Structure formats: C-alpha cells, structure tokens
Number of protein chains: 2
Amino acid sequence: MATIYQVSELAGVSLATVSRVMNNNVRVSEATRNKVLQAMEQLGYRPNSIAQSLASSRSNSIGILVSELHGPFYGEMLTGIEAEFRAAGKHVIIAAGHSERATEEDGIEFLLSRNCDALILHVEAVSDQYLIDLSKKQTPFVLLNRQITALADRCISLDNELGGYLATRYLLEQGHRHIAYIAGPMWKTDARDRFHGHQRALAGYQLTAEEALFFEGDFRETGGSKGLQALLASGRPFSAVVCANDEMASGALTAARELGYEVPADFSVMGFDNVNFAYYTYPKLSTIDYPVSAMGQMAARWVLQQVYQQSSIEVQQIFDPHLIPRDSVAEAAVT
Amino acid sequence: MATIYQVSELAGVSLATVSRVMNNNVRVSEATRNKVLQAMEQLGYRPNSIAQSLASSRSNSIGILVSELHGPFYGEMLTGIEAEFRAAGKHVIIAAGHSERATEEDGIEFLLSRNCDALILHVEAVSDQYLIDLSKKQTPFVLLNRQITALADRCISLDNELGGYLATRYLLEQGHRHIAYIAGPMWKTDARDRFHGHQRALAGYQLTAEEALFFEGDFRETGGSKGLQALLASGRPFSAVVCANDEMASGALTAARELGYEVPADFSVMGFDNVNFAYYTYPKLSTIDYPVSAMGQMAARWVLQQVYQQSSIEVQQIFDPHLIPRDSVAEAAVT
DNA sequence: TTGTACGCGTTATCAC
DNA sequence: GTGATAACGCGTACAA
C-alpha cells in the first residue's frame, strides 16, 4: 500500500502538503493540489485510517450497544444509525448486551477499549448511577429509549407513557370498559411507563386497573400467550387486552385462536411498537407506532452534532407515538 | 489515559517489557511480570488499540456487509457473527448493501478503507468477477450464501437446491400434483437454486413445472400477495403453492385470506427460511429451515482460523436445510 | 503557500 | 530475561 510519503515524493512536494490536500483545511495552491491529486491517483493511494486516528486521536468510529441484533426492533434502529454515519464517513461498531447487566457493562467496556469517539447505548439492565459515572469519563454517549434526569440532554426517547395512554384511550373510545393488560417486565422503565399511561387513560373514565386483569409478561411471544391464558383462567370478564408490545400481542393472538376464541369478535387486542410483522398477523394488529428508525437516525445526528461539530444539524429528543388502528380491535358489544 | 510508558516508569522496567507482559509471548520473569501488572492496575491502564493496530498492522476488526440490517434474516446472522468475535476480542464493523451493485461495492470499499483484517460478505448484486478480483488483493474475505467455483474455499452457503427439493417433495408426498411456485428474483442465485430443486422434485414424480403456475416475486411480502393473485387469476388449478421464502409465503397467506380462501383447506402453502415470525403466522407456516445463525458463526470461525491462526477451529462450508412441517400444508384431497 | 520536525502509543528487532 | 531504539503512517505546530 502506498503511503503519504511516496505520494509526496512522486508529486515533488513535502509530506505535509499531501496531508493538507487530504484534509483540505489550509489553503494549498491549485497547481500543487493538482500535482498531489494526480500522484495519489497514479499510486492508487488510500489513507491509512489507523494512522490518521493515532495522529489525530479520532477514530471516526461510533460504538453501538443494543440488546439484541435479531428481532424486529433493533434492526430498524441500526438501519437508521448506519445510514446516517456512513454518509458522514464514520463507521459503526456493534455489540449486543442481551439485557443483562454484566453483559451490557462488558459491552460498554469493549467499545471503550476500541477507542470509539462516541457511544450510542440502548441499555436496560445497567443502573442509572453507572451511566452517570460513565458520563464523567471522556467518551460522550447518547441514551436511546431511556430517561435519566441527570443526563437529560443525552437522552433520546419515546414518550412511552403517552403511548400507553393512547392505546387504552382508543379502546375506551370503542366502548370497552373491562380492559386487561399484559405488561412487559416491570423492572424496565418503558414497561412501567406504558402501564402508567394505561392507568391514566382509565382514570380519565373514572376506572381503575383491576389486579385480576393484569399480567406481567416478558416482551416475548410466549409472555403474550401465557398472559392471555392466565387472564382467561382468572374468570374475570374482559372485552379487550392491551399488550405492552407487538410480540406479546402476537402471542396472545395465537393463544386466543388455539383456545377457540376469535379476535376481535370475542375480545379486542392492542399491540405496541408497530414492528413490521404486525401487519402480517391475523387479524392485522392495531398498535402504537414507535418511530424507531427515525430515533436511531436522530441518535446518530446527536453524535454528529456534539462530537463532530456538525452544528447545522437539529436534534429532537422526545418522540411522540401515535395510534395505528387496524383489524384486531372492534367496538365493544353493548351490554 | 495512562500510556505504556507511564506503566514502565512506575514499574521500574523498560517499555518493551511492559509490552511483553501484555502480549505474553516471550517469557518474562514472574517477579517483573507482577510488578508490571500491579503498575497497570494502579494506573488503570488500558492499551490503546489504535496504536497497537498501527504498530502491529492488525486492526482486530472485521467488516461485515449485509443486504439489510432490518428484517428477520440478517439480524440472526449478525448475532452469530458478533458473539463469536466478541469472545475472541475482535470487533465488528457493519455496513448495509441494499442489494444494489453500486452500494455493495461502495460498502466493500468503505470497509477496506477502515483497515479491516477480514471481510464477511453477504452480497447479491456484485458480479463474480468483481469478487474474484477482490480476492487477489490483500484483505481476505468469506462469502456467505453464495457459491463461486473459483472461490470455493471462501464460500459458506446453504444447499438451496436441496431446500427447494425438500419443499416440493414434501408436497408431492402429501399427494399434491398441481404445485404453483412463487420464486425470488431470478437474477439471484439462491432464488434460481431453490427453483431448480423444485424442478428436480417434480421430475422425480414425472412432472414438470408449468409456466402458468410460476410467478417471479421479489422475496418480500408484496411479492407473495401479488404472486398469489396472479396464480389465481391464471385460472390454472393448483392445490399447493411453494414460496421461495417465508416473507412471500406470509404475503400469500394474507392475500389468500383476503380473497376468501382458506389455507390449507383450499390449498397448501410452503415457505422457506424458517424466519422467526413463521411460527406466528396463521396458519403456522410449514417451511424449510435455514440455519442462518450457525452459518454466521461459521463465517466468523473461518476468519478466526484463516486470518488469526486459531488452527483448532473446524470450519464447515455447506449447510443442509431441513423440513419444518407445521400447519399450512395438508394432504391433497383425493381427486 | 510550503517544508521541517516532532509526537501519537504501540510492536518488534536488535543487542546485551 | 531485559533494555534501547527504530519503525508504523499520518497530523500539525512552527519556521521559512
């Protein structure tokens, strides 16, 4: 591989000048610039990004930590992030955290050891305090889908409470009064927020969440099917179930069918996230849209703005969910 | 950040010795090793991976190019890859190729410019010749899901022909004789191979694929629904449809329902890939399993073996698909 | 506008 | 076993 030195030799200029035309910072005369460009061309020169990093102490790499690489959710997120950075000539290093504290901390350590210029973290298990401590170190980071007051300016998140509210309000508007709830793991803040939105919507109708109609799931399909079975087994009547995400809703749909119920004739089902398979369930899932790709993109922009000084970029920190009515919710039968 | 120099100073040894204990290659006396270790600990020393890379001309990074980051397929693949490399202390740089020639070549260029030690490529649009040329350059690479004779030792792929064969043979065994086929884009080799398998299975029963019962789709849900409509519109009777992937099968399922047909009562539907949502369609999709995560992992192992000399690792290059019977296929009605 | 010289934090090749 | 010291390829004061 040709080096900057060989280019300078061929072009008959000094090595510093070559460097200058590459980072067209300082003014270089057109004549010499062309000489250099031509020499580069001729040698098929490509800068060694590692040497650049060492000299400039910028790796031009951004570390991304997500819970999982598979599943319908994180792929969307990564798409938004990668596209934005690639266009800016930065590259993305990924690691998976698997929603476990040790693995997440490990992943962060790993990315840090890789000299990332910044981190984009979608972490769930790590403590607030850990992140606050981390914020005192050199490497800047953004938090996706998490709210920490002390770190408010680095958080990009969905208004989950509003989403939960919208879901349940929609069912109430359709006349439902006995609404069951299959929650996510309640140690996760988004799961809690969604449930709080649910409660607020109920309160607006002078209702309150019944304990018998609550089930704590795991955000996975099995949680949804188990949840539905438990709710049915409770004997407590309900005409609608809201699930804290689409995967559980899908599980609930399957379980309902297997137990001989028909959705939405026997009861309605609401999801949350609007992952892409939500359109392909049967019946098509009514849900709450989570603009995850846009949020990933926004996290990337935050980095571009804060770390790479691209000041022209605007950053939005809170995103609003909205309702996607489809076929899994019907009006409540008049009683 | 502490440097190796400060460690050497505190430990009272030379900088070279510190380097030695880090890469515990050469023998260092227990006494000095402990002194160094202790000094590292005390300073919270962490090696600068970029400087290491520059000096050793190894970036310890592997570039991954996939078609898309979202969707049910690539996420699985990345999971297998990331886990394997992370355990080996390597890191993964990702780029998306979007199945377009220019973007794919661009992505490869991008990864190359990042000084990756190796590349794992899942490319579809780039020509064989381009890859053959690439193989003559320095950076080694593996090809996932692609067979090129000249590059046979770098290919890790599924026996797509066998998969296509298994799918159709299963339907034949269930008594179906009029079998429609919704193919992937025929410029993709895997799409062609799967179709060839289909033909071979038919030939085994003295049958041949009818042109009226063939539709070329796009591997996406819309392709499946359009395909089914076209097949139905052809007027040609059939009792089963095999789709070249699960997403098209899902589209076909939805279209069938919307047009008032019942699967598998009116006709059976076969998928291919066994992506995770295949279990959550209605009816549950009978399909062919594609061990994509295992294959991703294997690609990572290839790199570990070939590039990082971890000779103890075994590499398997061809993977066999197998049948997953579920609910979308039934026996053909006796005629 | 252009060139010189040093530094970035390691690894690796010599000697000792 | 251990210590100098020269790379690695580039950025960047500072000087010219």
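Please read these numbers as outputs of a predicted model, since none were measured by experiment.
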* Asked: For D/dA7, does either OP1 or OP2 sit under 4.0 Å from a side-chain N or O belonging to A/Y5?
  -> no
* Under 4.0 Å between any heavy atoms, over every strand shown, what does A/R58 touch: base, sugar-phosphate, or nothing? Just pick one. => nothing
* Asked: Rounded to the Å, how far apart are A/I4 CD1 and C/dG3 P?
  -> 12 Å
* Asked: Rounded to the nearest Å, what distance is computed from the CG atom of residue A/N60 to the C1' atom of nucleotide D/dG11?
  -> 13 Å
* Just by distance, do the side chain of B/W187 and the backbone of B/A125 share a donor-acceptor pair under 3.5 Å? -> no
* To do: With heavy atoms under 4.0 Å as the rule, sort B/T32 into base, sugar-phosphate or nothing.
  => sugar-phosphate
* Specify the residue among B/A55 and B/A16 whose closest nucleotide of DNA chain D lies further upstream toward the 5′ end. => B/A16
* To do: Rounded to the nearest angstrom, tell me the gap between atom CD in A/E30 and atom C1' in C/dT2.
  => 15 Å
* Asked: Which part of the nucleic acid, if any, lies within reach of A/S19 when heavy atoms closer than 4.0 Å are counted: base, sugar-phosphate only, or nothing?
  -> base
* So, does the side chain of B/R20 form a donor-acceptor pair with the base of D/dG3 at under 3.5 Å? -> yes
* To do: Tell me whether the OP1 or OP2 atom of D/dG3 has a side-chain N or O from B/S14 closer than 4.0 Å.
  => yes
* Asked: Starting at the 5' end of DNA chain D, which residue's closest nucleotide do you reach first, A/S56 or B/V13?
  -> B/V13
* Between B/H98 and B/T103: side-chain donor-acceptor atoms closer than 3.5 Å -> no
* If only side-chain N and O atoms of B/Q52 are considered, is one of them under 4.0 Å from the OP1 or OP2 phosphate oxygen of C/dG9? -> no
* To do: Starting from P on C/dT11, measure out to CG on A/L54 and report it in whole angstrom.
  => 12 Å
* Asked: Whole-Å distance between C/dT10 C1' and B/N23 CG?
  -> 9 Å
* Asked: So what does A/T17 touch, heavy atoms closer than 4.0 Å: a base, only the sugar-phosphate, or nothing?
  -> sugar-phosphate
* Name the nucleic acid region contacted by B/I50, choosing base, sugar-phosphate or nothing; use a 4.0 angstrom heavy-atom cut-off, strictly under. => nothing
* Whole-Å gap separating P (C/dG9) and CG (B/N48) -> 7 Å
* Asked: Expressed in angstrom and rounded to an integer, what is the separation of A/E9 atom CD from D/dG9 atom C1'?
  -> 15 Å
* Asked: More than 12 heavy atoms of other residues, nucleotides or ligands under 6.0 Å from CD of A/Q129: is that the case?
  -> yes
* To do: Figure out the CD/C1' separation between B/Q6 and C/dC8, and round it to whole Å.
  => 13 Å
* **Donor-acceptor side-chain pairing of B/Q38 and B/N34 below 3.5 angstrom** => no
* Asked: Is atom CZ of B/R101 surrounded by more than 12 heavy atoms (other residues, nucleotides or ligands) closer than 6.0 Å?
  -> no
* To do: Could you pick out which residue, A/S29 or A/L15, lies toward the 5' side of DNA chain C when each is mapped onto its nearest nucleotide?
  => A/S29
